Amino acid sequence: MKYIFASPAMKAVQSKIRQVAPTDSTVLVTGESGSGKEVAARLIHEQSGRRRSPFVAVNCAAFPGSLLEVELFGYEPGAFTGAQRRHRGLFEQAHRGTLFLDEVAELDLGLQAKFLRVIQERRFRRVGGEAEIEVDVRLIASTHQDLKKLVEDKKFREDLFYRISVFPIEIPPLRRRPEDVVSLAAHYIEHFNREMAKRVEGVTEETQQILLNYPWPGNVRELRNTIERVMILRSEGRIRPEEMPLEVITGVERLPTADPEIYIPRGTAKIQEEPPVLLQSPAPSAPAVLPGAPAAPAPPAGSAPPAPQVPASPTPAEDSGDGRDPLTRADLKHLDRQVARFEKDRIKAALKLAEGNQSEAARILGIRRDTLRFRMKRHRLMK
Ligand SMILES: Nc1ncnc2c1ncn2[C@@H]1O[C@H](COP(=O)(O)OP(=O)(O)OP(=O)(O)O)[C@@H](O)[C@H]1O
Ligand SMILES: [Mg+2]
């Protein structure tokens, strides 16, 4: 399995993975949908002494409570109608290996209690069974929800929370790691070149800028799907902006996400006189997205080595803090798009500050409420 990253944030994640992998500690992986939680869990397993034993993944959101219990713990014959033979549950299947409990926040309170007991005692009973079964299982849990908040709301047991959050790893959303957008795009272009027998060389510099401006609400999964979709129609050369899906081009998300914090540049929550941070969207250190860029495999034999298309931009790479880099030509392109992006971010920030109250948000922004509503519609911020 390939783990593609170039960002400082993901380097930190990788080093956490490396440190915790060889231990038997329970790990809690958090992050938005599609950000790579399961990839992280699999890496932990693969880098642990349990790598030759099973990695068993179960999505707690996929089963209603009673079914999940049967899935996890198995059952004895006669436990319920139709239970004719003994069934080993996922805990047993993961013996000596790793059990990955995806969407752990979805466990109902009854199952949480049972689960806590297994974690504490490393033993359990099959449904309808008497015998205690001992298991040696390393647990990794994951969620895209705020577990602490669920604890406060009494929807998640506090004791279980502490048990599973021994070692938390947070996977940052893709929009906070532009370097990874570049590496992942290159990786997936290479991947689909192989899969579709094509020779796409990368993306144009303009396309790369679009990729960097888009907030990727679906994270890595969305980036992967986008590249796949574009590559169905192209066989070689570089991917041009007009080939990208419309919402990516306009920098507008398809669905308003539940997370109001999405892509609000640092410091903009308080409305203040400040130049739009987004105009300086961090350019990658590589001049263009090319197959063979960091972490991507070699281009297929026969394809000409792609020549960098754009003169190297000044190297912003890392968070420039307050020392602003001079804006490059690329930064200044697409004024309308950038202004739209900026407007949307500010509207979101105002709505957040106003706790969703539109009249209040309009007051903060100094515009009329119907103007705000019109613009919210335009940015698809309205349900
Ligand atoms: N750093 C990475 N390198 C390579 N591929 C990645 C990386 N991160 C994520 N992916 C890919 O992105 C997709 C989504 O990753 P994954 O399933 O791990 O996300 P998730 O956080 O578990 O999402 P969900 O919350 O929706 O279950 C997968 O195809 C995965 O292979
Ligand atoms: Mg997942």
Side-chain angles (χ1 to χ4, degrees), residues 3-14 29-37 39-40 144-146 169-188 203 206-227 230 241 244-269 274 276-286 289 294 316-321 325 330-331 333-334 337-349 351-352 379-381:
Y3 205 38
I4 311 294
F5 61 89
S7 64
M10 286 306 283
K11 281 181 192 150
V13 165
Q14 193 220 20
V29 188
T30 57
E32 288 180 9
S33 180
S35 59
K37 298 185 290 296
V39 187
H144 67 276
Q145 302 199 49
D146 184 352
I169 295 182
E170 192 186 340
I171 315 288
L174 189 56
R175 63 183 169 281
R176 302 242 171 84
R177 30 188 181 108
E179 302 88 344
D180 295 348
V181 172
V182 175
S183 303
L184 282 160
H187 166 72
Y188 284 126
V203 304
E206 206 183 348
T207 308
Q208 176 163 294
Q209 210 52 46
I210 288 169
L211 293 176
L212 288 169
N213 278 342
Y214 183 64
W216 301 109
N219 292 290
V220 182
R221 182 179 296 120
E222 186 184 9
L223 175 62
R224 182 196 152 105
N225 293 345
T226 301
I227 299 286
V230 169
M244 304 299 287
L246 193 64
E247 67 270 15
V248 176
I249 295 177
T250 55
V252 176
E253 301 133 41
R254 223 165 315 156
L255 296 168
T257 53
D259 172 14
E261 268 189 294
I262 186 166
Y263 212 61
I264 296 172
R266 250 187 310 151
T268 51
E274 189 186 8
V277 181
L278 282 168
L279 293 180
Q280 309 155 41
S281 72
S285 28
V289 180
E318 263 161 65
D319 193 354
S320 60
D325 297 314
D331 290 330
K333 262 191 197 166
H334 307 299
R337 198 148 65 211
Q338 304 220 34
V339 170
R341 182 79 246 168
F342 176 64
E343 178 180 277
K344 185 179 180 192
D345 285 329
R346 291 287 161 131
I347 289 175
K348 280 180 167 180
L351 284 165
K352 189 175 177 224
H379 292 295
R380 298 190 224 175
L381 288 170

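Along the sequence shown, residues carry numbers from 1. These numbers come from a predicted model, not from an experiment.
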> Hey, does Met244 have a side-chain heavy atom less than 4.5 Å from the side chain of Leu211?
yes
> I need the minimum non-hydrogen distance between Lys11 and Ala6, along with the two atoms involved.
NZ-O, 3.5 Å
> Are Leu174 and Leu223 packed together at the side-chain level, in the sense that at least one heavy-atom pair is separated by less than 4.5 angstrom?
yes
> Verify salt bridge (Lys or Arg N to Asp or Glu O under 4.0 Å) between Arg175 and Glu32, making sure each step is shown before the conclusion.
CA-CA 11 Å; Arg175 63 183 169 281; Glu32 288 180 9; 2.6 Å; yes
> Under a 4.5 Å cut-off applied to non-hydrogen side-chain atoms, are Ile171 and Val13 in contact?
yes
> Rounded to the nearest 0.5 Å, what separation is found between the NE2 atom of His144 and the OG atom of Ser35?
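Reported value, rounded in 0.5 Å steps: 10.5 Å.
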> Roughly how far, to the nearest 0.5 Å, is CG of Asp180 from CG of Asn219?
11.0 Å
> Can you tell me how far the CG atom of Leu351 sits from the CG atom of Leu381, to the nearest 0.5 Å?
7.0 Å
> I need the Gln208 CD to Asn213 CG distance, nearest 0.5 Å.
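Reported value, rounded in 0.5 Å steps: 11.0 Å.
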> Looking at NZ of Lys344 and OG1 of Thr250, how far apart are the two atoms once the value is rounded to the nearest 0.5 Å?
8.0 Å
> Answer yes when Lys37 and Glu170 have at least one side-chain N-carboxylate O distance shorter than 4.0 Å, and no when they do not.
no
> Hey, does Val182 have a side-chain heavy atom less than 4.5 Å from the side chain of Leu212?
yes
> Hey, are Tyr214 and Glu247 close enough side-chain-wise for a donor-acceptor pair under 3.5 Å?
no
> Distance from Leu184 atom CG to Arg177 atom CZ, nearest 0.5 Å?
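Going from the CG atom of Leu184 to the CZ atom of Arg177 covers 7.0 Å.
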> Does a side-chain heavy-atom distance below 4.5 Å link Val181 with Ser7?
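No; the side chains remain at least 4.5 Å from each other.
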> Val203 versus Pro241: any side-chain heavy-atom pair under 4.5 Å?
no
> Do Thr226 and Tyr188 touch side chain to side chain, with heavy atoms closer than 4.5 Å?
no
